Structures are given as C-alpha cells and as structure tokens.
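Within every chain, numbering begins at 1; the chains are lettered A, B, ... in the order of the sequence lines, protein sequences first and strands thereafter. In this text the structure is predicted, and so the values were computed from the model without any measurement. Only this structure's heavy atoms are used, side chains among them; waters, hydrogens and symmetry mates stay out.
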Protein chains: 2
Amino acid sequence: MMFQIDFKSGKPVYLQLADQVRYAAASGALRPGDPLPSIRPLAEELRVNRNTVAKAYAELESQGVIETAPGKGCFLKENNSPFTKQVRQKLLITEIDEAVVMAHHLQVDRDRFLALVNERLDYFERKSGATKRDD
Amino acid sequence: MMFQIDFKSGKPVYLQLADQVRYAAASGALRPGDPLPSIRPLAEELRVNRNTVAKAYAELESQGVIETAPGKGCFLKENNSPFTKQVRQKLLITEIDEAVVMAHHLQVDRDRFLALVNERLDYFERKSGATKRDD
DNA sequence: TCAACTGTCATATAGTCCTATGACAGTAAA
DNA sequence: TTTACTGTCATAGGACTATATGACAGTTGA
C-alpha cells in the first residue's frame with residue numbers, strides 16, 4: 001500500500017509514518033485537499049496501534065502539513081512545501097551514503113555496486129510501470 | 001573527533017556509534033588490530049553515559065567486528081565480515097532499495113540519481129584516500 | 001433518530017534507551 | 001604492591017515509544 005513501516009529500523013513508527021506522509025506530499029502522490037487514510041483502518045493495515053497513527057497525524061498537524069477535522073477526517077493542507085529542493089536532495093544523499101558505506105563495509109567494489117544500483121532501478125521501474133496510476 | 005552523535009536523529013546513540021565504528025573499519029580509518037577509544041574517555045567526549053558506549057561495543061563484539069579484552073581494551077578484529085556473500089548482498093540491496101525508493105518519492109529521475117550516486121562514491125573514495133595514515 | 005464513521009482523550013502496562021552510580025576483576029607500569 | 005587504567009556487571013530511575021482499551025463528541029447518511 002501507500003505506507004510501509006520497518007519495525008527493525010530502530011526509528012519510531014510514528015516518525016516513519018509522518019515522514020512518509022511528507023514524502024507523499026512532496027512527490028505529488030498526495031495533493032492539497034486529499035484525504036489521508038483514516039486513523040483506525042490505517043492502524044489496522046500497518047498492524048500498529050491507533051494511538052501511534054494518531055501521534056503521527058498530530059505531529060503533522062502541529063507542523064502545518066495536514067489538517068484534522070474530528071468527525072470528518074484528515075486532509076492535506078493547501079500550502080505544504082515542508083521540503084525545499086535543497087532539503088530533499090540532502091535527504092536523498094543521506095540514503096545514498098548509507099548504501100555506499102554499506103558497500104565499503106562489505107567490500108563491494110564500485111563497478112559491482114553500480115551494477116546492483118542499476119539492477120534495482122530496473123526492478124523498481126518495472127514495478128512502478130505496472131502500478132502506474134491513471135491521473 | 002572520530003565519532004559524532006546526532007542526538008536529534010531519533011536513532012539510538014549506541015546504534016549510531018556502532019555504525020560509525022563499522023564505517024571507520026570499512027574506510028580504513030581503523031585497521032585490524034587497532035585499538036578503539038576506551039569506553040570511559042569516549043563516553044566523556046561524546047557526552048554520553050559509559051554504559052551507552054559499552055552497549056555499542058558489546059553489539060560490535062557480538063557481530064564479530066571487534067574484540068574486547070577486559071583490562072586491556074577493545075580492538076578491531078582481523079577478519080570482520082561475519083556475513084556470507086548472499087547475506088551481505090541482501091543487506092546491501094536493502095540499503096540500495098531505500099535510496100531508490102526515496103528517489104522515486106522525491107521524483108528524482110534515473111540519470112540524476114545515478115549522477116548523485118557517482119558523486120557520493122567519488123566523495124567517499126577521496127575521503128578514504130585522504131585519511132591514509134603514515135604507519 | 002440511529003448507526004457507523006471520524007478524530008480525540010485518558011488510563012494502564014510493557015519495553016527500550018539512556019543516565020547515574022557503585023562495585024568487581026583483569027592488565028600494566030611505577 | 002600500589003596505582004591507574006581497562007572492560008563488565010548490577011541496580012535504579014526517567015523519558016520515550018508503543019500497546020490495549022474504554023469513552024467521548026462531531027459528522028454523515030440511511
């Protein structure tokens with residue numbers, strides 16, 4: 001589905017979820033005014049307590065990313081650009097660095113690493129091509 | 001100094017430290033047989049409790065990265081790749097996938113992503129080359 | 001109105017992370 | 001031996017994360 005939790009990462013679940021909502025907003029997967037998944041169903045889907053989802057949403061609301069309306073639901077706010085282009089690039093570089101460090105640690109050389117990266121890019125392109133939405 | 005902790009990251013301190021030791025080993029900043037900083041001084045320097053440093057070291061020892069000798073100190077192990085080739089590749093692919101997924105989220109296209117990967121590879125190669133020591 | 005949904009709040013429980021602190025045993029050098 | 005270092009262990013407490021659960025009020029549609 002739209003959100004995924006890594007329970008082994010050591011990173012709090014509510015932060016993972018909040019980050020993913022921000023990414024969805026940044027990437028356009030969620031647009032201003034769009035409803036977010038309701039707390040209870042999402043908690044069930046992610047196999048997480050409803051309080052944990054509520055905490056993620058509460059944080060997002062306090063940061064002005066979403067709007068919550070008791071009785072109605074949660075919606076993406078109009079003017080949400082929590083990430084500038086620079087910040088987004090920094091986020092990506094952090095992820096890339098972790099992979100590069102792991103490659104060093106595992107003594108995988110540059111060519112083999114780049115081959116793996118291309119392989120995974122192919123894999124995800126095939127995958128997302130299959131799930132492309134009609135908007 | 002050699003290690004740095006980000007107290008705002010949400011990631012446990014002992015995991016951050018363990019990762020940095022692994023990186024130091026991978027990059028050559030620490031070589032097999034080298035002594036690691038002693039627990040108490042390092043804890044003081046990082047402004048962290050000594051138990052937290054001890055926990056990081058204990059994890060590294062259980063993973064075969066370092067060796068601890070009560071009364072003497074902690075030292076980088078000779079052959080620190082406790083993982084089989086398959087397991088290592090799987091670990092690496094997991095890291096790569098996280099970066100690829102992030103790139104998708106942030107709408108960074110393939111060419112730009114590969115350019116960033118190469119840039120970071122260059123960066124780390126320069127860095128590990130520059131930290132070569134005179135012993 | 002009634003039922004089913006929405007978010008919200010309060011309480012209790014458990015686990016982890018981190019701190020603080022004292023104590024112990026092994027090592028090494030004066 | 002004494003002193004100062006090393007890693008290790010045990011205990012206690014605070015903060016945070018997450019769980020489980022019950023209850024409440026607002027919204028919506030039958």
Would you mind reading off the distance between [X] atom [atom1] and [N] atom [atom2], rounded to a whole angstrom?
{"X": "B:F7", "N": "C:dC18", "atom1": "CZ", "atom2": "P", "value": "9 Å"}
{"X": "B:Q16", "N": "C:dC18", "atom1": "CD", "atom2": "C1'", "value": "13 Å"}
{"X": "B:R50", "N": "D:dT8", "atom1": "CZ", "atom2": "C1'", "value": "10 Å"}
{"X": "B:I5", "N": "C:dT19", "atom1": "CD1", "atom2": "P", "value": "10 Å"}
{"X": "A:E67", "N": "D:dG26", "atom1": "CD", "atom2": "C1'", "value": "16 Å"}
{"X": "A:N51", "N": "C:dA14", "atom1": "CG", "atom2": "P", "value": "17 Å"}
{"X": "A:K11", "N": "D:dA18", "atom1": "NZ", "atom2": "P", "value": "11 Å"}
{"X": "A:L42", "N": "C:dG7", "atom1": "CG", "atom2": "P", "value": "10 Å"}

**Asked** Where is the tightest heavy-atom contact between B:F3 and B:P37, given as atom of each residue plus distance?
**Response**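 Of all heavy-atom pairs spanning B:F3 and B:P37, the closest is CE1-CG, 3.8 Å.
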**Request:** Work out which heavy atom in A:V108 is nearest to a heavy atom in A:F113; give both atom names and the distance.
**Result:**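 What the structure gives for the nearest pair is CG1-N, 3.8 Å.
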Can a side chain N or O of [X] be found less than 4.0 Å away from OP1 or OP2 on [N]?
{"X": "A:T68", "N": "C:dT8", "value": "yes"}
{"X": "A:S38", "N": "C:dC5", "value": "no"}
{"X": "A:K55", "N": "D:dA18", "value": "no"}

**Request:** Output yes when a side-chain donor or acceptor of A:Q16 lies under 3.5 Å from a complementary backbone atom of A:D6, and no otherwise.
**Result:**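 A pair under 3.5 Å: yes.
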**Request:** Please check if the side chain of B:D34 supplies one atom and the backbone of B:R31 the other of a donor-acceptor pair under 3.5 Å.
**Result:**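 Checking the backbone N and O of B:R31 against the side chain of B:D34, a donor-acceptor pair under 3.5 Å is found.
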**Asked** Does any N or O donor sit under 3.5 Å from an N or O acceptor when you compare the side chain of B:N49 with the base of C:dA20?
**Response**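 Check passes, donor-acceptor contact within cut-off.
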**Prompt:** Side chain of B:R40, base of D:dT8: donor and acceptor closer than 3.5 Å?
**Reply:**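 Flag set: donor-acceptor pair detected.
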**Message:** Just to be sure I understand the rule, does B:Y14 reach a base, reach only the sugar-phosphate, or reach nothing, if contact means heavy atoms closer than 4.0 Å?
**Reply:**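 B:Y14: backbone/sugar contact only, no base atoms under 4.0 Å.
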**Cationic tip of B:R126 above B:Y123 ring, under 6.0 Å, 45° of axis** =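 Not satisfied by the 6.0 Å and 45° rule.
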**Message:** Quick check: on DNA chain D, is the nucleotide nearest A:L15 upstream (toward 5') of the one nearest A:K72, or the reverse? Name the residue that is more 5'.
**Reply:**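 Nearer the 5' end of the strand: A:L15.
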**Request:** Among D:dT6, D:dT21, C:dT19, find the nucleotide with the atom closest to the side chain of B:V48.
**Result:**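 Nearest nucleotide to the side chain: C:dT19.
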